[in-house]
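Taking it in order: structure first as structure tokens, then the write-up.
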There are 2 protein chains.
Amino acid sequence: MNIGKIITVAKRRGFIFPSSEIYGGLAGMYDFGPLGCLMKKKIENFWREFFVKTDNIYEVETCTIMSKPVFVASGHLKDFIDPLAQCKKCKSTFRADDLIKEKTGKFVEGLNPEELTEEIRKNDIKCPKCKGELSEVRIFNLMLGTNVGPVEGNLAYLRPETAAGIFVNFKNILNATRAKLPFGVAQVGISYRNEISPRHFLIRLREFRQMEIEFFVHPEKLNECPNFDRFADIKIKIFTREEQERKGKPIEITAEQAVKQKILPNQFMAYFLAKEFLWYQKLGIPAKALRFRQMTEAETPHYSAGNFDMEIEFDFGWKEVVGNAYRTDFDLKSHMKHSREDLSITENGKKVIPHVVEPSFGIDRTIYAILLYSFFEDKKRGWDWFRFPPRIAPITVAVYPLVSKDRLPEKAWEIYEMLKKDFDAIYDETGSIGKRYARSDEAGIPFAITADYQTLKDSTVTIRDRDSTEQKRIKIDDLTRILTQLVNEEIKLF
Amino acid sequence: MNIGKIITVAKRRGFIFPSSEIYGGLAGMYDFGPLGCLMKKKIENFWREFFVKTDNIYEVETCTIMSKPVFVASGHLKDFIDPLAQCKKCKSTFRADDLIKEKTGKFVEGLNPEELTEEIRKNDIKCPKCKGELSEVRIFNLMLGTNVGPVEGNLAYLRPETAAGIFVNFKNILNATRAKLPFGVAQVGISYRNEISPRHFLIRLREFRQMEIEFFVHPEKLNECPNFDRFADIKIKIFTREEQERKGKPIEITAEQAVKQKILPNQFMAYFLAKEFLWYQKLGIPAKALRFRQMTEAETPHYSAGNFDMEIEFDFGWKEVVGNAYRTDFDLKSHMKHSREDLSITENGKKVIPHVVEPSFGIDRTIYAILLYSFFEDKKRGWDWFRFPPRIAPITVAVYPLVSKDRLPEKAWEIYEMLKKDFDAIYDETGSIGKRYARSDEAGIPFAITADYQTLKDSTVTIRDRDSTEQKRIKIDDLTRILTQLVNEEIKLF
């Protein structure tokens, strides 16, 4: 896993650019170039197909700037914090827990600033940049604020999770949809965290993109998930607190058994975990690089009664990509208290405050994982390439004339014009066919169509399969149908 | 045009919610509920089909927070300003030019703060809220700032236009795509302006959504727009500076003639104007409510050598919905100077700095216009409803059982499950069929399918047309094909 090389290719081919780069960049911010943007939209749409349209879920899009009382109620202004240590000499800032973990291997989440300072002193930890002495550890809030309106002192905040806009709109959504429990509300959008020290490419970002679902459930019906049966038998891997404590390993268990044995708190949580385990494999991440880790008590966010986060094994180690939180009625209750609005639902004449199960997907981290596991340093072929699943490949099909003469370019262009109506397609006639294959492989384009001399005679073309490099001859009239089936994984070429 | 009623319906049915509402709201911020979110995505995708995929245009998605030097170079930190007057008594803030225009009808853009203060004194303008005395006019910058990172003083800004992320990435995009002039870069996303006084529902917002294209053109080939011929004969309405000055009216002229007569600065501008004029009609805005107004010199943004903004006639008057700016080489040149990066393109061995033609679409304003012109207070039918074009209607089809018994709900549900794979569909069995039609009309659902007793016998259903209320009987097997053709406006039901 050569992440340095992947980052270079990702920039060169237009997947990911460092943000504000011509002015030296901004730490923790990345932009999506043309290929990255196409892939991101396909991932989001595939997610909607797999997680939203399958259930009773409504999607919303709410503002990224929200008023201060929202985050008083959500607890973020108090609890959304990290411990900060600053170098007294070069003024660089670090997360104290990172520094301690790197020096000692110790896991120190949950310690207070005094205890962390003690650890730093005891282990003689210095500034990693200049070896200077570190300050005492202080608490730093990760919310980004901005003054809204022309009068000073009217501070609002950039949301740290899209969930905020869902909870605050709960009543409006309920009134508009007349939804019955259980139902979900989804949001795809940007969130912001003023990380002390951004790191690991697309992992710890200050501006990042999420796909979240808040699933609202009757508190007495937590094990009555409507579509659970479809996924009850899916085997998932759970790294429980007990296994973590005794340095064990994840257990393999079906979604159904995980609920029965009370490893997972409810059926809805098990339902999402099973689907996530399947979905990430469809994105090209192997099952062995996926696991659900039960967060320790100290790690669990302030709003959660239990987190089972989907982790992926990256080049630098395992890292959370989907946070799965059992938020109970924490959010609705707190917003009821602070806003004095009634956010309960009446069911059979009885008022209930729904419980919430929340899967929260990091889009950037997902794309990092896809790039990592799709990249193939291919000695035999002579070039490196991305093995993206056709469904999420930024460009689905490349169209080439065999040579740039004898009306082949015109014919190929005609085919390109036809295909681009239904697919993301490119036309390329520069260089030899071999060079064009190398370029399209590097962009992860799964299929290449070549118009050759035979095309002019019998209206057939060759279709080349990126993964096997094999070719078949098919009719132009069948192209759209065959490509559609290939993208939807209904057929295979070879 | 009963905008108050429309805003009420838009909230009640889940199109638009005031943001952070349960905490008193945030001025100039609105959220998209389930129906608004669906419609917004359809508008964006239709825009991509009509404006992006048709030309040599690449889409990107860049960060909303950008570093300070970006906006020094773009000129926004200096020139992105409005004149502010504050009430000395109640401390309310207002745009000085708004106040003067409302009192005197005078158009005062371009006056300096002293001259504006003079106007306020001369015309005895007071605070509209409390009649208090107004302060001297001062200049207020509309950029929203936020401190990035844990050290104070590292101010970055929320972008005031998505264009910023395109210009800063110009070189990266060029390297990645190997694009040849002319080509475009598009972005759909959020922008932010710290408006002094938000107003008019979705018009003057602090957080808003844009669809922008920066089209890069060889400065000597401004009249060599590749697809111009397809739209050269489209008649558009242009309200020139001359006509505005002599209180005249817009002239009607073809895109081609507008370039020939040097009313428009170049073919690319004319190309976009013609397409916009067509596209907004496809969204349901009548031609008579559309015009292009040439901005006066004082109004023209600092980066533009000429703006021809598409305006729509709203309930409160004409207002810009698409800004069309001929930005020349202003942005690339300025970023070259400030970043010291070479942002030129080599063509035939010669370096050129491309010129830019920019159509910038306001999504929120577009949705406002659609709601306004689709709303129908229907005395005859007995209920109000939205006449959305099927392509952008949030929900395409409703499925009903005629009655809630005799296996009709099961049959209707089966049809719903089939249709929701390809369409945004709802199932509804609550209340009489008449009440269900009223509800679906109000949500602007163009087609309703009813399963009745005959359905059980011969596998046919009725399809009801929202606009005519007429019905036809069709086979279940034909439903998907017919609905697809109806949405794409390939056939009409009645």
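Throughout, a chain's letter reflects where its sequence line sits, starting with A, and its residues are numbered from 1. Keep in mind it's a predicted model, so treat the numbers as computed, not measured. Side chains are part of it too, since the values below use all heavy atoms of this structure and drop only hydrogens, waters and symmetry mates.
For the pair P34(A) and I173(B), the tightest heavy-atom approach, listed with the atom from each and the gap, is CG-CG2, 4.3 Å. A pairwise comparison of heavy atoms in F17(A) and A176(B) identifies CZ-CB, 4.3 Å as the closest pair. Nearest approach of F423(A) to K53(B), heavy atoms of both residues: O-NZ, 3.5 Å. Across all non-hydrogen atoms, the minimal contact from R206(A) to G149(B) is NH2-CA, 3.6 Å. Across P150(B) and T93(A), no two heavy atoms sit closer than the pair CG-OG1, 3.2 Å.
The candidate with the highest count of non-hydrogen atom pairs below 4.5 Å against chain A, out of T62(B), L35(B), L343(B), V185(B), is T62(B). Between chain A and the residues R340(B), R13(B), R178(B), the most heavy-atom pairs under 4.5 angstrom are made by R178(B). Each of T54(B), N141(B), N147(B), T177(B) has some count of heavy-atom pairs under 4.5 Å with chain A, and the biggest count is that of N147(B). Of the listed residues (N172(B), I426(B), L84(B)), the one with the most heavy-atom contacts under 4.5 Å to chain A is N172(B). Chosen from G145(B), G14(B), G36(B), G165(B), the residue pairing most often with chain A at heavy-atom distances under 4.5 Å is G145(B).
Only the backbone of R12(B) comes within contact range of chain A, with at least one heavy atom under 4.5 Å from a heavy atom of that chain. Of the atoms belonging to I190(B), it is side-chain heavy atoms, and not backbone ones, that fall under 4.5 Å from chain A. Using a 4.5 Å cut-off between heavy atoms, L158(A) contacts chain B through its side chain alone, with no backbone atom that close. In this structure, chain A has no heavy atom under 4.5 Å from any part of N45(B). With a 4.5 angstrom heavy-atom cutoff, R159(A) does not touch chain B via any of its atoms. Looking at N175(A), only its backbone comes within 4.5 Å of chain B, counting heavy atoms on both sides. Contact annotation for I196(A): both backbone and side-chain heavy atoms come within less than 4.5 Å of a heavy atom of chain B. Within the 4.5 angstrom heavy-atom criterion, only side-chain atoms of E341(A), from C-beta onward, approach chain B. Looking at K171(B), there are no atoms closer than 4.5 Å to chain A (heavy atoms on both sides), in backbone or side chain. Contact annotation for R209(A): only side-chain heavy atoms (C-beta onward) come within less than 4.5 Å of a heavy atom of chain B. Residue R95(B) does not touch chain A at all, counting heavy-atom pairs closer than 4.5 Å. Contacts of R439(B) with chain A are made by side-chain atoms alone, with heavy-atom separations under 4.5 Å and no backbone atom involved. Proximity to chain A is limited to the side chain of R138(B), based on heavy atoms less than 4.5 angstrom apart.
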Give every donor-acceptor pair under 3.5 Å between a side-chain atom in residues 64-73 of chain A and any protein atom, sequence neighbours left out.
from	atom 1	to	atom 2	distance (Å)
T64(A)	OG1	Y192(B)	OH	2.6
T64(A)	OG1	E207(B)	OE1	3.2
T64(A)	OG1	E207(B)	OE2	2.9

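In this structure, the separation between SG on C63(B) and CZ on F208(A) is 11.5 Å, given to the nearest 0.5 Å. Atom CD1 of I22(B) is separated from atom NE2 of H338(A) by 11.0 Å, given to the nearest 0.5 angstrom.
N194(A) places no side-chain N or O within 3.5 Å of a backbone atom of V148(B) that could act as its donor or acceptor partner.
Residue R199(A) places its CZ atom among more than 12 non-hydrogen atoms of other residues, nucleotides or ligands, all under 6.0 Å distant.
Take I57(B) and apply the side-chain contact (heavy atoms from CB on, under 4.5 Å) test, not counting sequence neighbours, and it matches V52(B), D55(B), A186(B), I213(B), F215(B).
Contact of the R48(A) side chain with the K41(B) side chain is registered, since non-hydrogen atoms from C-beta on lie closer than 4.5 Å. Looking at V151(A) and Q86(B), their side chains come closer than 4.5 Å, going by heavy atoms from C-beta outward.
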May I have the step-by-step check of side chain to side chain contact (heavy atoms under 4.5 Å, CB included) for Y23(A) and H335(B), ending in yes or no? CA-CA 9 Å; Y23(A) 295 104; H335(B) 282 301; 2.7 Å; yes
